[in-house]
K.L.:
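Handing you this structure, nothing more for now.
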Number of protein chains: 2
Amino acid sequence: MASPSKQITIASVCCAPVGSADFDEADAAELAKGFAALSDPVRLHLLSLVAAGGLNGACVCDLVEPSGRSQPTVSHHLKVLREAGLVTSEKRGTWAWYHVVPERLQQLRTALA
Amino acid sequence: MASPSKQITIASVCCAPVGSADFDEADAAELAKGFAALSDPVRLHLLSLVAAGGLNGACVCDLVEPSGRSQPTVSHHLKVLREAGLVTSEKRGTWAWYHVVPERLQQLRTALA
DNA sequence: GTGCTACATTGACGACCGTCAATGTGTTGA
DNA sequence: TCAACACATTGACGGTCGTCAATGTAGCAC
């Protein structure tokens with residue numbers, strides 16, 4: 001009732017009565033899914049590598065060696081990131097290029113405001 | 001080599017050469033631990049309830065019912081949040097009060113910049 | 001003391017996760 | 001057509017997670 005926003009904010013709102021905040025379970029599940037994708041050091045590493053590629057993105061062939069994992073493992077982690085909406089993939093001939101989705105990152109950041 | 005920061009930023013840096021970003025594994029593990037604590041809808045709910053308490057924090061007795069889980073389960077999730085550095089706990093007589101740690105939230109937000 | 005309340009801990013269960021070897025799929029180039 | 005390459009998928013393994021019932025611990029009231 002007293003919550004100013006329908007969204008989950010996890011903010012430092014002062015002195016609002018506990019338990020009164022309305023909480024959207026669907027939103028929470030969506031956020032949790034995003035954070036779950038970030039809950040592995042290897043995926044954080046992969047995401048930072050992809051992000052470092054900027055607009056060009058990053059080719060999988062350039063991600064396997066620096067991650068220190070096998071090619072199937074890297075492919076698995078990229079799939080997790082993709083299904084969490086954090087990256088997109090694009091086929092260019094033989095190679096697959098990955099890009100970050102800034103809006104999704106922004107969404108997760110906002111939830112921690 | 002070309003990375004401007006020693007930190008992991010996962011930022012939309014444009015056109016940096018892929019694979020050149022130096023990556024601190026300890027930092028990544030620390031971040032991953034934080035995100036892992038956020039990877040469950042129940043914990044997000046609990047965290048939002050605690051945050052809604054502001055400076056007063058929130059009493060566990062006010063968290064059990066809205067979370068829809070058993071008391072031991074809530075206690076378990078609060079322990080996870082505490083060990084991830086997202087909340088602190090304080091004993092006031094019979095009751096236990098939980099508070100958020102804004103610096104930790106800020107740290108995680110920064111990692112998504 | 002006795003009983004009650006608030007919370008933490010333990011133990012057990014099924015479910016999910018991270019990892020790699022093996023294999024599959026589709027493209028490139030000869 | 002054939003071989004090599006880039007990547008995805010499958011299957012299997014041990015490990016961790018979320019959950020609750022049962023139990024433990026500590027403070028409050030009488």
Side-chain angles (χ1 to χ4, degrees), chain A residues 18-19 23 25 28-47 49-50 53 56-84 86-99, chain B residues 18-19 23 25 28-47 49-50 53 56-84 86-99:
Chain A
V18 179
F23 188 81
E25 284 198 30
E30 187 67 20
L31 289 175
K33 204 172 168 184
F35 288 128
L38 298 172
S39 68
D40 187 277
V42 175
R43 283 196 291 269
L44 287 178
H45 195 176
L46 290 172
L47 189 57
L49 289 172
V50 172
N56 297 328
C59 175
V60 178
C61 57
D62 292 327
L63 301 177
V64 173
E65 187 266 339
S67 74
R69 312 287 155 169
S70 71
Q71 178 268 318
T73 297
V74 170
S75 194
H76 163 66
H77 283 306
L78 288 172
K79 185 180 182 181
V80 173
L81 289 173
R82 192 179 347 117
E83 289 178 346
L86 288 163
V87 301
T88 57
S89 64
E90 173 202 359
K91 268 272 192 181
R92 280 192 222 163
T94 310
W95 296 276
W97 291 79
Y98 280 76
H99 307 262
Chain B
V18 180
F23 188 79
E25 283 198 31
E30 187 66 20
L31 289 175
K33 205 171 167 184
F35 288 129
L38 299 172
S39 69
D40 187 277
V42 176
R43 283 197 291 269
L44 287 179
H45 195 174
L46 290 173
L47 189 56
L49 289 173
V50 172
N56 297 327
C59 174
V60 179
C61 57
D62 292 328
L63 301 176
V64 173
E65 185 267 339
S67 74
R69 311 289 155 171
S70 71
Q71 177 268 318
T73 297
V74 170
S75 194
H76 163 67
H77 283 306
L78 289 172
K79 184 179 182 181
V80 172
L81 289 172
R82 191 177 351 118
E83 288 179 346
L86 288 163
V87 300
T88 56
S89 64
E90 172 202 0
K91 268 273 192 181
R92 278 193 224 162
T94 310
W95 296 276
W97 291 80
Y98 280 76
H99 307 262

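Here the structure is a predicted model, which means the values were calculated and not measured. All values below were derived from every heavy atom in this structure, side-chain atoms included, with hydrogens, water molecules and symmetry-related copies excluded. Residue numbering restarts at 1 for every chain, and letters A, B, ... go by the order of the sequence lines.
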K.L.:
Using every non-hydrogen atom in the two residues, find where N56(A) and H99(A) come nearest and quote the distance to one decimal.
P.N.:
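Taking N56(A) first and H99(A) second, the nearest heavy atoms are O-CE1, 3.4 Å.
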K.L.:
Counting any heavy atom closer than 4.0 Å, what does H76(B) reach on the DNA or RNA strands: base, sugar-phosphate only, or nothing?
P.N.:
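Here H76(B) touches the bases of the nucleic acid.
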K.L.:
Would you mind telling me which of dT28(C), dT9(C), dA8(D) lies closest to the side-chain atoms of V60(A)?
P.N.:
dA8(D)
K.L.:
Using modelled atom types and a 3.5 Å cut-off, is there a donor and acceptor pairing between side-chain atoms of S75(A) and backbone atoms of P72(A)?
P.N.:
no
K.L.:
Side-chain N or O of Y98(A) versus OP1/OP2 of dA6(D): is the shortest distance under 4.0 Å?
P.N.:
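The answer is no; no side-chain N or O of Y98(A) sits under 4.0 Å from OP1 or OP2.
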K.L.:
OP1 or OP2 of dC20(C) sitting under 4.0 Å from any side-chain N/O of S70(A)?
P.N.:
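For S70(A), the contact criterion (side-chain N or O under 4.0 Å from OP1 or OP2 of dC20(C)) is met.
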K.L.:
Rounded off to whole Å, could you give me the CZ-to-P distance for the R82(A) and dA8(D) pair?
P.N.:
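About 6 Å, once rounded to whole Å.
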K.L.:
Could you go step by step and tell me if D62(A) and L49(A) meet the side-chain contact (heavy atoms from CB on, under 4.5 Å) rule?
P.N.:
CA-CA 9 Å; D62(A) 292 327; L49(A) 289 172; over 6 Å; no
K.L.:
How many whole angstroms separate atom CH2 of W97(A) from atom C1' of dT27(C)?
P.N.:
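Interatomic distance, CH2 of W97(A) to C1' of dT27(C): 16 Å.
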K.L.:
Hey, does the side chain of T94(B) come within less than 4.0 Å of dG27(D)'s phosphate (OP1/OP2), counting only N and O?
P.N.:
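Answer no for this pair, as no side-chain N or O of T94(B) is under 4.0 Å from OP1 or OP2.
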K.L.:
Should Y98(B) and L46(B) be marked as a side-chain contact (heavy atoms from CB on, under 4.5 Å) after you check the CA-CA gap, both sets of side-chain angles, and the distance that decides it?
P.N.:
CA-CA 10 Å; Y98(B) 280 76; L46(B) 290 173; over 6 Å; no
K.L.:
Nearest whole angstrom, please: distance from the C1' of dG18(C) to the CG of L78(A).
P.N.:
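Computing the L78(A):CG to dG18(C):C1' distance gives 14 Å.
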K.L.:
May I have the distance from D62(A) (atom CG) to dC7(D) (atom C1'), rounded to whole angstrom?
P.N.:
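Rounded to the whole Å, the gap is 13 Å.
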K.L.:
Between P on dA6(C) and CD on E90(B), what's the gap in Å once rounded to a whole number?
P.N.:
18 Å
K.L.:
Report the residue (K91(A) or T73(A)) whose heavy-atom-nearest nucleotide on DNA chain C is the more 5′ of the two.
P.N.:
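First, find each residue's nearest nucleotide; the 5'-ward one identifies T73(A).
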K.L.:
Report the residue (H77(A) or W95(A)) whose heavy-atom-nearest nucleotide on DNA chain C is the more 5′ of the two.
P.N.:
H77(A)
K.L.:
Before you tell me yes or no, could you show the steps for L81(B) and V50(B) under side-chain contact (heavy atoms from CB on, under 4.5 Å), namely the whole-Å CA-CA distance, both residues' side-chain angles and the distance that decides it to 0.1 Å?
P.N.:
CA-CA 11 Å; L81(B) 289 172; V50(B) 172; over 6 Å; no
K.L.:
State whether R69(B) places a side-chain N or O below 4.0 Å from either non-bridging phosphate oxygen (OP1 or OP2) of dC20(D).
P.N.:
no
K.L.:
Tell me if the side-chain of Q71(B) makes a donor-acceptor pair with the base of dA8(C), cut-off 3.5 Å, by modelled atom types.
P.N.:
yes
K.L.:
Name the nucleic acid region contacted by R43(B), choosing base, sugar-phosphate or nothing; use a 4.0 angstrom heavy-atom cut-off, strictly under.
P.N.:
sugar-phosphate
K.L.:
Tell me the interatomic distance from L46(A), atom CG, to dC7(D), atom P, rounded to whole angstroms.
P.N.:
13 Å
K.L.:
L38(B) vs L31(A), test: side-chain contact (heavy atoms from CB on, under 4.5 Å). Steps then yes/no.
P.N.:
CA-CA 8 Å; L38(B) 299 172; L31(A) 289 175; over 6 Å; no
K.L.:
Would you mind telling me which of dT19(D), dT19(C), dC7(C) lies closest to the side-chain atoms of D40(A)?
P.N.:
dT19(C)
K.L.:
Rounding to a whole Å, what distance do you find between K79(A):NZ and dG18(C):P?
P.N.:
13 Å
K.L.:
Tell me what V74(A) touches on the nucleic acid: a base, only sugar-phosphate, or nothing, going by heavy atoms under 4.0 Å.
P.N.:
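No contact.
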K.L.:
Reckon V80(A) touches a base, only the sugar-phosphate, or nothing at all at heavy-atom distances under 4.0 Å?
P.N.:
nothing
K.L.:
Round to a whole Å and report the spacing from CD of E83(A) to P of dC16(C).
P.N.:
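It works out to 14 Å between those atoms.
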